[in-house]
*Asks:* 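Structure below; questions to follow.
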Amino acid sequence: MSSDSYQISKPAGEVIFREGDPADCAYVIEQGHVQVTVNRDDEQVVLSDLGPGEILGEMAVIDQYSRTATATVIEDCVLTLVTPEQIRQRIDQSDAVVRSLLDILLTRYRSELSLEQGLPMEAESVFLKQSGGIEKIRFENDLRRGLDNGEINVVYQPINCLRSGMTSGLEALVRWDHPTQGTIPPERLITLAEETDLIVPLSLYVFRAAVADFAEFRAVAQRDLFASVNVSPKHTVDSEFLNRAWDICTQAGGRPDQIMLELTESVMVDIQQLTSWVRTAKAMGFRISVDDFGTGYASLEYLTRLEPHTVKIDQDFIRPVTSDPRHAAVMRKVIEMARELDVLVIAEGVEAPEHVRVLADMGCDMAQGYAVGRPLTRSRAAEFLAPAPAGGRSRG
Ligand code: C2E
Ligand code: CA
Ligand code: CA
């Protein structure tokens with residue numbers, strides 16, 4: 001037998017592995033033939049004859065069992081080694097549902113094999129329980145139903161101009177009131193939806209709700225207001241979402257320039273692709289905001305290449321602005337830089353009145369956060385935006 005780090009040669013007659021051996025790797029047959037057999041009542045029963053291009057020994061590597069068959073070279077072989085790490089890495093990167101399905105198939109196959117050999121049935125795999133795939137399928141069906149049954153709601157958080165104190169726009173934030181699990185955090189909901197096709201209907205649902213609700217908000221407030229809508233990075237790979245969003249907006253009598261599409265900076269995407277997407281969005285009339293600015297991989301690139309209308313500075317950066325002079329200095333410079341680039345700055349997660357004052361003094365354009373207003377249901381947002389009766393103080 002000759003070998004190098006990833007390929008081995010084995011002569012006819014040699015056993016590659018035996019039933020009961022620990023599984024240290026799988027093999028791809030490059031040349032030659034291998035016979036896979038099992039021992040039944042002291043007789044070797046042939047399970048398969050494998051040739052070039054076929055893989056063997058992968059099953060025990062995937063589920064980390066010992067070998068349940070014996071592989072013997074029947075014609076001189078050259079084999080490429082596949083390490084458990086190579087396989088495990090691919091499996092770990094795959095979708096939880098795919099992992100569960102793989103595990104179900106393997107457990108079932110092993111049970112049948114045990115039954116045939118008169119051995120006890122395989123217990124339900126631990127891996128199946130750990131991977132959460134079944135729970136995910138359930139959750140996915142729940143979400144499908146939730147979209148049909150009106151369990152998905154959109155709330156609106158005011159974004160105020162720091163000079164006038166007036167509300168300039170509101171951010172649409174999705175909520176899911178699950179019938180048995182209560183309110184599902186949007187991060188969990190979005191992550192699940194992004195892993196499935198459901199992100200498209202979910203995003204369009206939020207978009208449609210925002211377009212309709214803003215028509216009411218503008219009528220109530222008797223002035224223009226921009227609608228900020230979060231866009232999943234999944235939608236920025238083609239113009240499908242943009243086309244659908246444009247249709248929804250214009251068919252409802254809205255204008256795309258009243259809509260701010262928020263693109264998070266915290267998820268790594270192909271900047272070239274994103275730049276071209278942003279160009280299309282702008283040509284359609286949409287406004288662009290860079291969300292979570294300062295938390296991502298490419299803040300300055302986003303600012304220069306995407307030429308956004310606004311940047312939203314993440315709350316983790318805003319919080320220390322009143323207590324830490326270095327944060328304050330950076331914030332001042334970001335505002336200065338944005339002004340030079342004709343980009344408006346929104347401070348996010350502004351929780352204390354003192355922050356509102358300090359940010360206004362720094363020349364920050366807008367603020368969003370509990371100190372300005374919490375996310376509000378549609379009806380509460382409409383109440384919030386209604387001009388105060390004559391003599392009263394207007395909030396909107
Ligand atoms: P985000 O876009 O950064 O939204 C701001 C989040 O900060 C919201 O959380 C909001 O409720 C919260 N927040 C606002 N003011 C304050 C404050 O003063 N203090 C603190 N501690 N938090 C504040 P929410 O609604 O839980 O949303 C979380 C994230 O989920 C959003 O972060 C956004 O990334 C995502 N998300 C929400 N709705 C949608 C949606 O419709 N589509 C997509 N793609 N993502 C969404
Ligand atoms: Ca956002
Ligand atoms: Ca944000």
Side-chain angles (χ1 to χ4, degrees), residues 143 146-147 151-160 167 169-177 182-214 226-237 241-242 244-245 248 259-267 269 287-296 299 302 308-322 345-356 358-359 364 366-378 380-381:
L143 177 53
L147 276 166
E151 289 165 22
I152 309 291
N153 293 303
V154 183
V155 292
Y156 299 95
Q157 188 173 28
I159 301 172
N160 280 14
T167 298
L170 298 97
E171 179 175 4
L173 295 161
V174 71
R175 295 286 177 268
W176 182 13
D177 298 319
T183 304
I184 309 284
E187 283 96 345
R188 189 165 163 225
L189 165 59
I190 299 296
T191 306
L192 172 79
E194 280 178 343
E195 286 169 359
T196 65
D197 290 343
L198 292 171
I199 190 64
V200 178
L202 179 66
S203 299
L204 293 174
Y205 182 98
V206 172
F207 196 88
R208 205 171 281 116
V211 165
D213 294 343
F214 268 80
F226 71 83
S228 255
V229 182
N230 292 286
V231 176
S232 159
K234 295 259 159 184
H235 297 313
T236 62
V237 293
F241 172 80
L242 285 176
R244 308 267 301 265
I248 291 169
I259 292 168
M260 187 82 79
L261 301 177
E262 292 197 7
L263 304 172
T264 182
E265 201 214 66
S266 62
V267 178
V269 291
R287 311 227 148 207
I288 299 294
S289 186
V290 173
D291 201 357
D292 310 316
F293 185 77
T295 61
S299 298
Y302 270 55
H309 298 88
T310 68
V311 289
K312 298 184 84 173
I313 317 280
D314 191 69
Q315 56 179 284
D316 284 348
F317 201 85
I318 295 299
R319 209 170 289 127
V321 150
T322 50
V345 176
I346 303 175
E348 265 196 305
V350 179
E351 290 183 350
E354 197 201 342
H355 277 79
V356 178
V358 167
L359 289 161
C364 181
M366 288 175 264
Q368 177 182 359
Y370 299 161
V372 172
R374 297 218 170 216
L376 303 163
T377 59
R378 181 191 55 77
R380 289 234 176 264

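Counting convention: from 1, in listed order, for ligands and their atoms alike.
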*Asks:* Can you check atom 25 (O) of ligand 1: any protein non-hydrogen atom closer than 4.0 Å?
*Replies:*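 True for atom 25 (O) of ligand 1.
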*Asks:* Would you call Asn230 and Thr264 a side-chain contact if the rule is heavy atoms closer than 4.5 Å?
*Replies:*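 Not in contact.
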*Asks:* For ligand 1, which is the ligand I care about here, please tell me if Val231 has any N or O atom under 3.5 Å from one of the ligand's N or O atoms.
*Replies:*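 Val231 vs ligand 1: no N/O contact under 3.5 Å.
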*Asks:* Could you say whether the N/O atoms of Glu351 and ligand 1 ever approach to under 3.5 Å?
*Replies:* yes
*Asks:* If hydrogens are left out, which of Thr264, Ile190, Leu173 has an atom nearest to atom 45 (N) of ligand 1, that is, the closest non-hydrogen atom?
*Replies:* Ile190
*Asks:* Side chains of Pro158 and Gln368: does their closest heavy-atom pair fall under 4.5 Å?
*Replies:*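 No, their side chains stay 4.5 Å or more apart.
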*Asks:* Decide side chain to side chain contact (heavy atoms under 4.5 Å, CB included) for Glu348 and Glu171; before the verdict, give the C-alpha distance in whole Å, the side-chain angles of both, and the deciding distance to 0.1 Å.
*Replies:* CA-CA 11 Å; Glu348 265 196 305; Glu171 179 175 4; 4.2 Å; yes
*Asks:* Within 3.0 Å of the Ca ion (ligand 2), is there any N, O or S atom belonging to Ser289?
*Replies:*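 Checking the Ca ion (ligand 2) against Ser289, no N, O or S atom falls under 3.0 Å.
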*Asks:* Where on Gln368 is there a heavy atom closer than 4.0 Å to ligand 1, on the side chain, on the backbone, on both, or on neither?
*Replies:* neither
*Asks:* So which bit of Asp292 gets within less than 4.0 Å of ligand 1, heavy atoms only: side chain, backbone, both or neither?
*Replies:* side chain
*Asks:* Could you check atom 5 (C) of ligand 1 against the protein and tell me its nearest heavy-atom contact, residue, atom and distance included?
*Replies:* Glu348 OE2, 3.7 Å
*Asks:* Heavy atoms only, cut-off 4.0 Å: how does Asp314 contact ligand 1, side chain, backbone, both, or neither?
*Replies:* neither
*Asks:* Closer than 4.0 Å to some heavy atom of Glu171 - which atoms of ligand 1 meet that?
*Replies:* 2 (O), 4 (O)
*Asks:* Quick check on contacts: which atoms of ligand 1 are under 4.0 angstrom from a heavy atom of Ser232?
*Replies:*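 Answer, ordered by atom number: 44 (N).
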*Asks:* Apply side chain to side chain contact (heavy atoms under 4.5 Å, CB included) to the pair Thr295 and Asp316, showing each step before the final yes or no.
*Replies:* CA-CA 9 Å; Thr295 61; Asp316 284 348; 5.6 Å; no
*Asks:* Would you please determine whether Val206 falls within less than 4.0 Å of ligand 1 on a heavy-atom basis?
*Replies:* yes
*Asks:* Which atoms form the tightest heavy-atom contact between His235 and Ser203, and what is the distance?
*Replies:* NE2-OG, 2.7 Å
*Asks:* If you take all heavy atoms of Val269 and Tyr302, which pair is closest and at what distance?
*Replies:* CG2-OH, 3.4 Å
*Asks:* Applying a 4.0 Å heavy-atom criterion (strictly less than), which segment of Lys312 is in contact with ligand 1: side chain, backbone, both, or neither?
*Replies:*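 Within the 4.0 Å criterion, Lys312 makes no contact with ligand 1.
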*Asks:* Kindly write out the residues that satisfy ring-ring contact (aromatic ring centres under 6.0 Å, His included) with His309, not counting sequence neighbours, or none if the list is empty.
*Replies:* none
*Asks:* Quick one: which of Arg188, Gln315, Arg175 has a heavy atom closest to atom 22 (N) of ligand 1?
*Replies:*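 Comparing heavy atoms across Arg188, Gln315, Arg175, the nearest one to atom 22 (N) of ligand 1 lies in Gln315.
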*Asks:* What is the nearest protein non-hydrogen atom to atom 16 (C) of ligand 1, stated with its residue, atom name and distance?
*Replies:*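 Result: Tyr370 CE2, 3.3 Å.
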*Asks:* Looking only at distances, can you tell me whether any N or O atom of Glu187, backbone or side chain, sits closer than 3.5 Å to an N or O atom of ligand 1?
*Replies:* no
*Asks:* Specify which N/O/S atom of Glu171 comes nearest to the Ca ion (ligand 2), by atom name.
*Replies:* OE2
*Asks:* Is there a side-chain contact between Val372 and Thr167 (heavy atoms, below 4.5 Å)?
*Replies:* no
*Asks:* Going by heavy atoms in the side chains, are Leu143 and Ile184 under 4.5 Å from each other?
*Replies:* no
*Asks:* Using the salt bridge (Lys or Arg N to Asp or Glu O under 4.0 Å) rule, collect all pairs that involve residues 191-200, keeping only residues at least two apart or in two chains.
*Replies:* Lys136-Glu195
*Asks:* Just by distance, do the side chain of His355 and the backbone of Arg319 share a donor-acceptor pair under 3.5 Å?
*Replies:*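 Yes, the answer is positive, given that a donor and an acceptor are paired below the 3.5 Å cut-off.
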*Asks:* Taking atom 39 (C) of ligand 1 as the reference point, report whether a protein heavy atom occurs under 4.0 Å from it.
*Replies:* yes
*Asks:* Can you figure out which of Ala371, Pro186, Ala210, Ser203 has its heavy atom closest to atom 30 (O) of ligand 1?
*Replies:*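 Comparing heavy atoms across Ala371, Pro186, Ala210, Ser203, the nearest one to atom 30 (O) of ligand 1 lies in Pro186.
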*Asks:* Report the C-alpha distance between Val231 and Thr236 in whole Å, list the side-chain angles of each, state the deciding distance to 0.1 Å, and finish with yes or no for side chain to side chain contact (heavy atoms under 4.5 Å, CB included).
*Replies:* CA-CA 8 Å; Val231 176; Thr236 62; 4.2 Å; yes
*Asks:* State, yes or no, whether a side-chain contact exists between Ile190 and Leu202 at a heavy-atom distance under 4.5 Å.
*Replies:* yes
*Asks:* Check ligand 1 against Pro375 and write out every atom of the ligand that is under 4.0 Å from a heavy-atom position of the residue.
*Replies:* 11 (O)
*Asks:* Apply the side-chain hydrogen bond (donor to acceptor under 3.5 Å, both in side chains) test between Ser228 and each candidate in Glu262, Lys312, Arg287; give the one that qualifies.
*Replies:* Glu262
*Asks:* For Gln157, take its heavy atoms, then give the atoms of ligand 1 lying under 4.0 Å from any of them.
*Replies:* 10 (C), 14 (C), 15 (N)
*Asks:* Less than 4.0 Å from atom 34 (O) of ligand 1, is there any heavy atom belonging to the protein?
*Replies:* no
*Asks:* Tell me whether ligand 1 is touched by Arg374 - counting only heavy atoms on the residue side and a distance under 4.0 Å.
*Replies:*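 No; Arg374 lies far enough from ligand 1 that no heavy-atom distance drops under 4.0 Å.
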*Asks:* Measure across Gln157 and Gly373 and return the closest heavy-atom pair with its distance rounded to 0.1 Å.
*Replies:*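 That closest heavy-atom pairing would be NE2-O, 3.1 Å.
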*Asks:* Would you say Thr196's side chain and Ala193's backbone share a donor-acceptor pair under 3.5 angstrom?
*Replies:* yes
*Asks:* What protein N, O or S atoms come within a distance below 3.0 Å of the Ca ion (ligand 3), ordered by chain and number?
*Replies:*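 Result, waters dropped: Asp291 OD1, Asp292 OD1, Glu348 OE1, Glu348 OE2.
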*Asks:* Throw together a table of side-chain donor-acceptor distances under 3.5 angstrom for residues 204-213, partners on residues two or more places apart or in other chains.
*Replies:*
| from | atom 1 | to | atom 2 | distance (Å) |
| --- | --- | --- | --- | --- |
| Tyr205 | OH | Ile152 | O | 2.8 |
| Asp213 | OD2 | Tyr156 | OH | 2.5 |

